[in-house]
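To keep things clear, I will list the structure first and then write my remarks on it.
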Amino acid sequence: EKSTDPRKTQESTVKKKKKQKKTKGNPKTGQEEESHTCCGCRFPLLFALLQLALGVSVTVLGFLMAGISSSLLVRDTPYWAGIIVCVVSLVGFVMLCISYQPDEKTCVQFTVKLMYFLLSAVGLVACVLAVAFAAHHYLQMTKFTCDTILESCQCKLDTVDPLSRTFVYQDAADCGSLTSMLNLYLLLQMVLNLITALVCLSACFVMWKHRYQVFYVGVRFYPLTATECQQQKV
C-alpha cells in the first residue's frame, strides 16, 4: 500500500495554484492566447478593405461629377476625400505585412500604427467636410430655377431679385438632366462619405482601445496583485 503524505499533497496543490496565477498574470502568455483577430481576420484587414472599397467609390464618383460640368468647384467633387481614405487603407495593408509584437517592441510597428491612427483621423475629418459641402450644394439646388443659355446652365436662387447670385454650369446643354444627375450624385456622395467617416471613426476607436485598454491597462494590474498577495502571505 502506498502511503500518502498530506504535506506533499498540500505542497503540490499550492504549486499548481501558483502556476495558474502566473499564467493568468503573465502578459505574454495571455496575449499569445488571445487571437489577434477581428471578425475572423487580423485586425486592420476588415477596416482596410472597407476603406479601400469606399475610398475608390468616392473617388470615382467625384471624377464623374467633375466630368458633368467644368465649372464645378473642388469642394463639390470630393474625390480628394476618397484619395485620402485609399491612402489610409494602404497603410492598413502595410500593417498586415509587419510581424505582430504584443508590446510594440519594434519601431516600425509603432510608426505604422501611429500613421494609421492619424491618417484615419484625417480621413474622418475629410469625409465629414465632404458631407457638409454636398449637403449645402444639394439644399441650394432644391431652390434653383435654371435656364439654358449658350450651352451653359444658369441657375438663380431668387428670380425676382436682380442682385441674387447666379450659378453657371458650363458644358451643359440640358438643365433638367444636369440638375437631376447632380442631385443623385450629391446624395450618393453624402451617403458614401458618411459611411466612410463612420468606418474611419470605428478604426480610430479600435486602435485606441487596442492600445490603451487591452495591453496596458488590463495587464499591468496582474503583476501588482500577484506581488501584493505574496507580501501578505510573507
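As a basis for the values below, the full set of heavy atoms in this structure was taken, side chains included, without hydrogen atoms, waters or symmetry mates.
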Spacing of [X] atom [atom1] and [Y] atom [atom2] [to the nearest 0.5 Å]:
X	Y	atom1	atom2	answer
Tyr138	Leu184	OH	CG	9.5 Å
Ile84	Ser89	CD1	OG	12.0 Å
Met141	Leu182	CE	CG	4.5 Å
Leu90	Met95	CG	CE	12.0 Å
Phe144	Gln154	CZ	CD	12.0 Å
Ile68	Leu72	CD1	CG	7.0 Å

Connected hydrophobic set around Val168, excluding itself, where side chains approach under 4.5 Å
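When side chains under 4.5 Å apart are linked, Val168 ends up in no cluster with other residues.
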
Apart from Leu124 itself, members of its ILVMFWY cluster (side-chain separation under 4.5 Å) are Val128, Leu201

Where do [X] and [Y] come nearest, in terms of heavy atoms and distance?
X	Y	result
Cys204	Ala121	SG-N, 3.6 Å
Gly123	Cys200	C-SG, 4.3 Å
Ser177	Asp174	OG-O, 3.1 Å

Enumerate, atom names and distances included, each donor-acceptor pair closer than 3.5 Å involving a side-chain atom of residues 53-61, sequence neighbours excluded.
| unit_1 | atom_1 | unit_2 | atom_2 | d |
| --- | --- | --- | --- | --- |
| Ser57 | OG | Ala53 | O | 2.8 |
| Thr59 | OG1 | Gly55 | O | 2.7 |
| Thr59 | OG1 | Ile83 | N | 3.3 |

Begin from the C-alpha positions of Gln51 and Cys86 and carry the test side chain to side chain contact (heavy atoms under 4.5 Å, CB included) through to its verdict.
CA-CA 6 Å; Gln51 287 170 344; Cys86 289; over 6 Å; no

Parallel, tilted or perpendicular: rings of Phe133 and Trp80 (30°, 60°)
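Correct class here is perpendicular.
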
Does the Asn193 side chain pair with the main chain of Gln189, one donor and one acceptor, at a distance under 3.5 Å?
yes

With a 3.5 Å distance limit and no angle check, can you tell me whether Ser69 reaches the backbone of Gln170 through a side-chain donor-acceptor pair?
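Here the side-chain-to-backbone pair exists.
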
Do you reckon [X] sits in the same ILVMFWY cluster as [Y], going by side-chain contacts under 4.5 Å, direct or chained?
X	Y	result
Leu119	Tyr116	yes
Phe47	Val91	yes
Phe63	Val87	no
Val206	Leu118	yes
Leu192	Tyr79	no

Quick one: are the Cys175 and Cys153 sulfurs under 2.5 Å apart?
yes

Is the gap between the SG atoms of Cys146 and Cys155 under 2.5 Å?
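Answer is yes, sulfur atoms closer than 2.5 Å.
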
Run the side chain to side chain contact (heavy atoms under 4.5 Å, CB included) test on Phe167 and Leu157 for me, step by step, so that the C-alpha distance in whole Å, both residues' side-chain angles and the decisive distance to 0.1 Å come before the verdict.
CA-CA 9 Å; Phe167 297 86; Leu157 289 173; 4.2 Å; yes

Could you walk me through whether Asp147 and Lys156 pass the side chain to side chain contact (heavy atoms under 4.5 Å, CB included) test, one step at a time?
CA-CA 9 Å; Asp147 295 322; Lys156 288 185 177 182; over 6 Å; no

